[in-house]
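Note that the structure is a prediction, hence the values are computed from the model and not measured. In the text below, chain A, chain B and the rest are named by the order of the sequence lines, each starting its count at 1. Just the heavy atoms: all of them, side chains too, but no hydrogens, waters or symmetry mates, feed the values below.
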Amino acid sequence: MNDAAEPRADEAPERKHFIEKIIDEDLAQGRNEGRVHTRFPPEPNGFLHIGHAKAICINFGLAEKYGGSCNLRFDDTNPTKEETRFVEAIQEDVRWLGFDWDDRLYYASGYFERLVELATSLIERGKAFVCDLSGEEMRAYRGSLTEPGRDSPFRDRPVEENLDLFRRMQAGEFEDGSRTLRARIDMSSPNLNLRDPVMYRIIRQEHHRTGDRWCIYPTYDWAHGQSDAIEGITHSLCSLEFENHRPLYDWYLDNLDLPARPRQIEFARLELTHTITSKRKLRQLVEEGHVEGWDDPRMPTLGGIRRRGVPAEAIRHFCEEIGVAKYNSTIDWAKFDFSTREVLNRTAERRMAVLDPVKVVITNYPEGQVEELEAINNPGDESAGTRILPFSREVWIERDDFREEAPRKFFRLVTGREVRLRYAYVIRCDEVIKDAAGEIVELRCTYDPESGGGKTSDGRKVKGIIHWVSAGHAVTSEVILYDHLFASPDPEEGDDYLAHLNPDSRQVVSARLEPALASASPGEVVQFERLGYFCNDPVRAADGAPAFHRTVGLRDTWGKIEKKGS
RNA sequence: AACCCGGUGGUGUAAUUGGCAACACAACUGGUUUUGGUCCAGUCAUUCGAGGUUCGAGUCCUCGCCGGGUUGCCA
């Protein structure tokens, strides 16, 4: 055709966020030899959650976009909190999200030797000293937000003495917490981070990688920027709360002879309505049994989200959509759901399942007869093909799809009225059978044999279409319906976030599935027509007791109409 | 209270750097449809406030107001 003939005036204008603008400028100025090199630096002290996904997408995404690379670096400077199992889980999560660090897997602990050398050079230049103040004393000397601090009495120790003491700290000659190595900056700085910050503390604790090789450990501020410089990071992206640390980050770099000059840029972390991302609180939910574990499908952890059936692509799409800025914002959970549906609508095959079954007996349908109907797997993707759906005299339909009496707007089965069974026939409800308690146990219907193939022989219109499953062929399975973990959009409001827990966040039902679902593969996500997207839980599949998790419901226009009416 | 950062619809993010406030989600209308799904069309903010500079201000200046961060040997 006439490609390239016309300029694409409608081409989407490229919207760059502020970090991309900074990178563009750095590139234009010829900084960092034109390289873009980022890193994702998790501390292995817990599982990753949706908030981390944003940081991962930004760091790996930017490297990808600019033809650079992104390192995975574990920020393991505090052995009292870190464990190997987290190192492994974090790698699994990042990989699942679709990112790759090639051979660039690093650990801050891998730089401990080098960091000691750098610290030593700082001491030699009179820019660091060993301090004997206790934690409490140091706090008193630090001053406050409004008052300047006072110099430590050990601040002017001779270089030789500092060197000797620092060596002996490493050799384990002193008690835990009895001494620290501190940078010698400015006790009167309005920025508290610059008031002679601690670089090393004495902690006798086995480290998950270095074992008992060390009894001093670097602080975050001391280790982070230097690790960045060692790796040749050009843009060190972190969250807003480190903004006040940037002057310190720069001070270390300015006072050392490092080959590279990374630049710290801060952005707002991701907050979502109806959930929390505090590691401490997530742990409490697990430990107190409010959820079934770190990978409970209601958890905002990547493990939980993955188990729930949300595709990695949806998370990447979401992170792309929410943008990057410095404003502390909270994104509506509905936006996250939208991304999930956006991906699943294209990729998930359709099936039929009845979650709250009521039996329909088609009295004029021959007993023992079974028809094999063809059903489309994905109306938006012909290549997904079709499958066979058995139809017979008795079928299950959704209890909610029947009313004895109903308003005109109710396009489903009503006593004396007609509805179409999807891919099958039009049926009319003739009789409602109830038990002693008044509960409906069966609907007696008749079908129109001429109504197959979507048409009626006399051309009459039947507006409603409902899903169904042949009773004799149905597979019974547990289906778990999830809702927001927290009923309130802002669980942090008030003094007890647990009070906002949604008591109905998990509901288990016994459902009837069409036979094709028996062969769903573990982890597969399908759409139960008219209901939502459901994931065949890989854990339960392995246990031989399959269950489907509701990943997210379909947009429910009728639900809204009905709610408004009542 | 000191210092740092921020403030654009219900929610987020943009605005050629001083030139008609755009995109997405949500909500609401209507259309298509063998999923009340998808899809399509439409409606929904004069940018925290007050001054100032300018032909022209979301963008620049001044003064306020509001929100977040910081007083770990956590990250």
Asks: For A:Val324, report the nucleic acid contact type (base, sugar-phosphate, nothing); a contact means any heavy atom under 4.0 Å.
Replies: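 Sugar-phosphate, no base atom in range.
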
Asks: Tell me, yes or no, whether the heavy-atom count around A:Glu136 atom CD, taken from other residues, nucleotides or ligands under 6.0 Å, exceeds 12.
Replies: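 Atom CD in A:Glu136 is not packed in, count stays at 12 or less.
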
Asks: With nearest nucleotides of RNA chain B determined for A:Arg422 and A:Pro41 from heavy-atom distances, which residue corresponds to the more 5′ nucleotide?
Replies: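 Final value for this comparison: A:Arg422.
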
Asks: Please classify the glycosidic conformation of B:rG58 as syn (within 90° of 0) or anti (everything else).
Replies: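 The base of B:rG58 is oriented anti (glycosidic angle more than 90° from 0).
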
Asks: Is B:rU17 in the syn range, within 90° of 0, or in the anti range?
Replies: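 It is syn.
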
Asks: Is any side-chain nitrogen or oxygen of A:Lys81 closer than 4.0 Å to OP1 or OP2 of B:rG72?
Replies: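 Indeed not, no polar side-chain atom of A:Lys81 lies that close.
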
Asks: Report the distance from atom CD of A:Glu320 to atom P of B:rA24, rounded to the nearest whole Å.
Replies: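 Answer to the nearest Å: 15 Å.
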
Asks: Is the base of B:rG36 stacked against the aromatic ring of A:Trp558, taking ring centres under 5.5 Å apart and planes under 30° as the test?
Replies: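 One would call A:Trp558 stacked on the B:rG36 base.
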
Asks: Look at the side chain of A:His245 against the base of B:rA75 and say whether a donor-acceptor pair falls under 3.5 Å; ignore hydrogens and angles.
Replies: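 Yes, the side chain and the base share a sub-3.5 Å donor-acceptor pair.
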
Asks: Do the ring centers of A:His245 and A:Tyr249 come within less than 6.0 Å of each other?
Replies: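 No.
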
Asks: Give the rounded distance in Å between these two atoms: OH of A:Tyr327 and C1' of B:rU47.
Replies: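 Whole-Å distance recorded here is 13 Å.
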
Asks: Examine B:rU13: is either OP1 or OP2 under 4.0 Å from a nitrogen or oxygen in the side chain of A:Ser329? Give yes or no.
Replies: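 Yes, within the criterion.
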
Asks: Quick one: pull up NZ in A:Lys455 and CZ in A:Arg460 and give me the separation to the nearest 0.5 Å.
Replies: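 Answer rounded to 0.5 Å: 14.0 Å.
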
Asks: Can you find a side chain N or O atom of A:Arg142 that sits less than 4.0 Å from OP1 or OP2 on B:rC73?
Replies: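 So the side chain of A:Arg142 is within the cut-off, an N or O lying under 4.0 Å from OP1 or OP2 of B:rC73.
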
Asks: With no angle test and no hydrogens, is the base of B:rG36 tied to the side chain of A:Arg412 by a donor-acceptor pair under 3.5 Å?
Replies: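 In this structure, the two groups form a donor-acceptor pair.
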
Asks: With a 6.0 Å cut-off (strictly less than), is the heavy-atom count around NZ of A:Lys409, excluding the residue itself, greater than 12?
Replies: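 12 or below, so no.
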
Asks: Taking only the side-chain nitrogens and oxygens of A:Arg201, find out if one of them lies under 4.0 Å from OP1 or OP2 of B:rC74.
Replies: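 For B:rC74, OP1/OP2 do have a side-chain N/O of A:Arg201 under 4.0 Å.
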
Asks: Can you tell me if A:Arg530 touches the phosphate of B:rG36, counting only side-chain N or O atoms and a distance under 4.0 Å to OP1 or OP2?
Replies: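 So the side-chain polar atoms of A:Arg530 do come within 4.0 Å of the phosphate oxygens OP1 or OP2 of B:rG36, strictly under.
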
Asks: Which of these nucleotides, B:rC5, B:rA75, B:rC73, is closest to any side-chain atom of A:Lys326?
Replies: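 The answer is B:rC5.
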
Asks: Within the structure, does a side-chain N or O atom of A:Arg139 lie under 4.0 Å from either OP1 or OP2 of B:rG72?
Replies: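 Yes, such a contact exists.
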
Asks: Provide the distance between the two P atoms, one in B:rC4 and one in B:rC73, to the nearest whole Å.
Replies: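 The same atom, P, in both gives a distance of 23 Å.
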
Asks: Does A:Glu241 make a side-chain donor-acceptor contact with the base of B:rU70, cut-off 3.5 Å?
Replies: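 Answer is no: no donor-acceptor pair is held.
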
Asks: Does A:Thr146 make a side-chain N or O approach to OP1 or OP2 of B:rC3 shorter than 4.0 Å?
Replies: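 For B:rC3, neither OP1 nor OP2 has a side-chain N or O of A:Thr146 closer than 4.0 Å.
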
Asks: Does A:Arg350 have a side-chain nitrogen or oxygen under 4.0 Å from the phosphate oxygens OP1 or OP2 of B:rG37?
Replies: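 Looking at the OP1 and OP2 atoms of B:rG37, neither is under 4.0 Å from any side-chain N or O of A:Arg350.
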
Asks: For B:rA75, take OP1 and OP2 only and decide whether either is under 4.0 Å from a side-chain N or O of A:Thr77.
Replies: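 Result: yes.
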
Asks: I want to verify a distance call: between B:rU35, B:rG36, B:rC25, whose nearest atom is closest to the A:Lys335 side chain?
Replies: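 Of the candidates, B:rC25 comes closest.
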
Asks: How many angstroms lie between atom CD of A:Glu43 and atom NZ of A:Lys81, to the nearest 0.5 angstrom?
Replies: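 Those atoms lie 6.5 Å apart.
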
Asks: Between the side chains of A:Asp490 and A:Ser488, does any donor sit under 3.5 Å from an acceptor?
Replies: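 No.
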
